[in-house]
Amino acid sequence: NFIGEGSGLGQLPFFILNMADLLDDTIKSLRKLTRINLDRIWLRVMNDREVKELILDLLTNDQLGNTGEGIDGDGDSLGEYAPFTINVRSALGLQTDHISFENTGRYLRSFKVRPTLTGWEITQDDDRYDELVNELGFSETHNELTTENKLKVYPLIRVKYKQLVDAAL
């Protein structure tokens, strides 16, 4: 079908006008997209309470706590308690099968998620961290998520990021 002579558009096929509307809509969407600050959206996602809680739960419970595996961010064991420590912990009714950093829980409760533009980092009581790494020889990655646990966080991040981008469009 062609548009009639009286329309002022000459003999243009109808689908070209539809493509022009589609192109106009695409240009409007691209203009909106260029105004979206994706870094700001990323930081909003990483500051989301649910995201932070999941990261900390995976770190403090799945990896480091009494019910965790006693592993660092590389998936390596934190080691075993010395016989004296096992006796003391047993007398207190605490688990002894892996190092947990959960004698009082103060160190684990000091963990905080700090968003960065490329992900996040875990901050904590620096004095205790320095003691654990420098004096007791623990891995510098004892306060990082394993790859397996990171993969558990990514779906939530993806959903929240998409929601915020869609809302901005």
So, for Ile157 and Trp42, which heavy atoms are closest and what is the spacing to 0.1 Å? CG2-CZ3, 3.6 Å
If every non-hydrogen atom of Leu108 is compared with every non-hydrogen atom of Ser100, which pair is closest and at what distance? CD1-O, 3.9 Å
Are any non-hydrogen side-chain atoms of Ile122 and Arg114 less than 4.5 angstrom apart? no
Can you confirm whether the side chains of Ser110 and Asp125 place a donor and an acceptor under 3.5 Å from each other? no
Check this for me: does any side-chain nitrogen of one of Lys160 and Glu50 sit under 4.0 Å from a carboxylate oxygen of the other? yes
Give me the atom names and distance for the closest heavy-atom approach of Ala168 to Ile41. CB-CD1, 4.5 Å
Transitive ILVMFWY side-chain link Leu151 to Val45, under 4.5 Å: yes
Report yes or no: do Val133 and Leu145 belong to one cluster of Ile/Leu/Val/Met/Phe/Trp/Tyr joined by side chain heavy-atom distances under 4.5 Å? yes
Can you check whether Leu38 reaches Val165 side chain to side chain, under 4.5 Å on heavy atoms? yes
Distance-minimising heavy-atom pair for Ile99 and Leu78: CD1-O, 3.5 Å
Between Phe138 and Asp72, is any pair of side-chain heavy atoms under 4.5 Å apart? no
Thr85 side chain to Tyr81 main-chain N or O, any donor-acceptor pair under 3.5 Å? no
Closest non-hydrogen atoms of Pro115 and Asn47, given as atom of the first, atom of the second and distance, are CG-OD1, 3.3 Å
Check whether any side-chain heavy atom of Leu54 sits under 4.5 Å from a side-chain heavy atom of Lys152, and report yes or no. no
For a quick check under 3.5 Å, do Thr116 and Glu121 share a side-chain donor-acceptor pair by atom type? no
Would you name the heavy atoms of Leu59 and Glu144 that are closest together and state the gap between them? CD1-O, 3.6 Å
How about CZ on Arg40, more than 12 heavy atoms from neighbouring residues, nucleotides or ligands closer than 6.0 Å, or not? no
Would you kindly confirm whether Val153 and Val159 end up in one hydrophobic cluster when ILVMFWY residues are joined by side chain heavy atoms under 4.5 Å apart? no
Evaluate whether atom CZ of Arg44 has more than 12 neighbouring non-hydrogen atoms of other residues, nucleotides or ligands under 6.0 angstrom away. no
Taking the side chain as every heavy atom from C-beta outward, state whether Trp120 and Val51 have any pair of such atoms under 4.5 Å apart. no
So, using salt bridge (Lys or Arg N to Asp or Glu O under 4.0 Å) as the criterion, who are the partners of Glu140 when residues are at least two apart? none
Check: Tyr129 ring centroid to His142 ring centroid under 6.0 Å: yes
Under a 4.5 Å cut-off applied to non-hydrogen side-chain atoms, are Arg109 and Leu56 in contact? no
Do side-chain atoms of Gln95 reach the backbone of His98 as a donor and acceptor pair under 3.5 angstrom? yes
Side chain to side chain, Ile86 and Ser90, heavy atoms closer than 4.5 Å: yes
Hey, are the side chains of Leu58 and Gln63 touching, using non-hydrogen atoms and a 4.5 Å cut-off? no
